[in-house]
Amino acid sequence: MGPLVRTVELFYDVLSPYSWLGFEVLCRYQNIWNISLQLRPSLIGGIMKDSGNKPPGLLPRKGQYMANDIKLLRHHFQIPIQFPKDFFSVIIEKGSLSAMRFLTAVSLEHPEMLEKVSRELWMRVWSRDEDITQPQSILAAAEKAGMSAEQAQGLLEKISTPKVKNQLKETTEAACRYGAFGLPITVAHVDGQTHMIFGSDRMELLAFLLGEKWMGPVPPAMNARL
């Protein structure tokens, strides 16, 4: 019998650029480390409200730091991430409710597609500066991820159903119960204990908790393919 597979949950919102970084790192490591990665679409607005936190862009110095940080992280993580031109409109005014409800519907009905659809939504908002709020934008992301037009349309029609809305609410509340005050949070279940880690820059600590080796945000096997 091999070693027990550990469950690692990632709570994320595609509105969060740091969620994208954490998402890609965990996707890269899930077959290197002995983990079962569970993707948990959540609503960052609900977590902010519940915790009393505020988006970094609302404080000018934090916003400027974040813009510079993203430029460096693009190269360090080898992810094509960049700031939207109208940050305030994208993050504060438009939000991500429809997108996250759509990802919740994907998680319920086509969980095997959740990684790819999530990535395409991040690519739209945090790489190509494209919309993620309109139905056609969400459909375009789903189809680019490999969904059929019929599949994507069927899921889109379910985003206002009680089942989907309640699931997104429950996942967001679960993140809050773990102690989230923003996203991403990574929750590792190891040896009967639960550890919540905030942010995308604590993966070395996650490796320590798992007893695994940290090889940087782009592990050698991945680096050879890039």
Any pair with a residue in residues 73-96 that passes salt bridge (charged side-chain N to carboxylate O under 4.0 Å, His left out), sequence neighbours left out, goes on the list, sorted by first then second residue, please.
-> none

Name all pairs fulfilling the salt bridge (charged side-chain N to carboxylate O under 4.0 Å, His left out) condition that reach into residues 174-199, sequence neighbours left out, sorted by first residue then second.
-> none

Which atom pairs, one a donor and one an acceptor, fall under 3.5 Å between side chains of residues 97-106 and the rest of the protein, sequence neighbours left out?
from	atom 1	to	atom 2	distance (Å)
Thr104	OG1	Met100	O	2.8

Quick one: ring-ring contact (aromatic ring centres under 6.0 Å, His included) partners of Phe87, sequence neighbours excluded?
-> Phe83

Shortest non-hydrogen contact from Ile35 toward Val5 | C-CG1, 3.6 Å

If you look at every heavy atom in Ala140 and Arg124, which pair is closest and at what distance?
-> CB-NH1, 3.8 Å

Taking the side chain as C-beta and beyond, is there a heavy-atom pair between [X] and [Y] under 4.5 Å?
| X | Y | result |
| --- | --- | --- |
| Trp33 | Leu206 | yes |
| Ile32 | Met215 | yes |
| Tyr12 | Ser42 | no |
| Pro184 | Leu10 | yes |
| Leu26 | Met203 | yes |

Any pair with a residue in residues 197-216 that passes side-chain hydrogen bond (donor to acceptor under 3.5 Å, both in side chains), sequence neighbours left out, goes on the list, sorted by first then second residue, please.
-> Arg6-Glu212

Compute whether any side-chain donor of one residue and acceptor of the other, for Ser36 and Gln38, lie under 3.5 angstrom apart.
-> yes

Using side chain to side chain donor-acceptor pair (under 3.5 Å) as the criterion, list what pairs up with His195, not counting sequence neighbours.
-> none

Let me have the donor-acceptor pairs involving side chains of residues 17-25, under 3.5 Å, with sequence neighbours excluded, atom names and distances please.
from	atom 1	to	atom 2	distance (Å)
Tyr18	OH	Asp69	OD2	2.7
Ser19	OG	Ser16	OG	3.0
Trp20	NE1	Glu24	OE2	2.9
Glu24	OE1	Arg119	NE	3.4
Glu24	OE1	Arg119	NH2	3.0
Glu24	OE2	Arg119	NE	2.7

Measure the [atom1]-[atom2] distance between [X] and [Y] for me, rounded to the nearest 0.5 Å.
| X | Y | atom1 | atom2 | value |
| --- | --- | --- | --- | --- |
| Ile81 | Ile70 | CD1 | CD1 | 4.0 Å |
| Ser118 | Asp13 | OG | CG | 10.0 Å |
| Leu43 | Thr171 | CG | OG1 | 10.5 Å |

For Thr7 and His189, indicate whether the former's side chain and the latter's backbone hold a donor-acceptor pair under 3.5 Å.
-> no

Determine yes or no for a side-chain-to-main-chain donor-acceptor pair under 3.5 angstrom, with Trp126 supplying the side chain and Leu15 the backbone.
-> yes

Applying salt bridge (charged side-chain N to carboxylate O under 4.0 Å, His left out) to Arg128 and not counting sequence neighbours gives Glu130

Any residue meeting side-chain contact (heavy atoms from CB on, under 4.5 Å) with His76, in chain and number order, not counting sequence neighbours | Pro217

Which donor-acceptor pairs under 3.5 Å do side chains of residues 142-158 form with protein atoms, sequence neighbours excluded?
from	atom 1	to	atom 2	distance (Å)
Ser148	OG	Gln151	N	3.0
Gln151	OE1	Ser148	N	3.3
Gln153	NE2	Glu157	OE2	3.3
Lys158	NZ	Glu109	OE1	3.1
Lys158	NZ	Glu109	OE2	2.8

Hey, can you pull the donor-acceptor pairs under 3.5 Å for the side chains in residues 46-61, sequence neighbours left out?
from	atom 1	to	atom 2	distance (Å)
Ser51	OG	Ile47	O	2.9
Ser51	OG	Met48	O	3.3
Ser51	OG	Asn53	N	3.3
Asn53	ND2	Phe181	O	2.7

Shared-cluster residues of Leu108, by chain and number - hydrophobic side chains joined below 4.5 Å | Val164

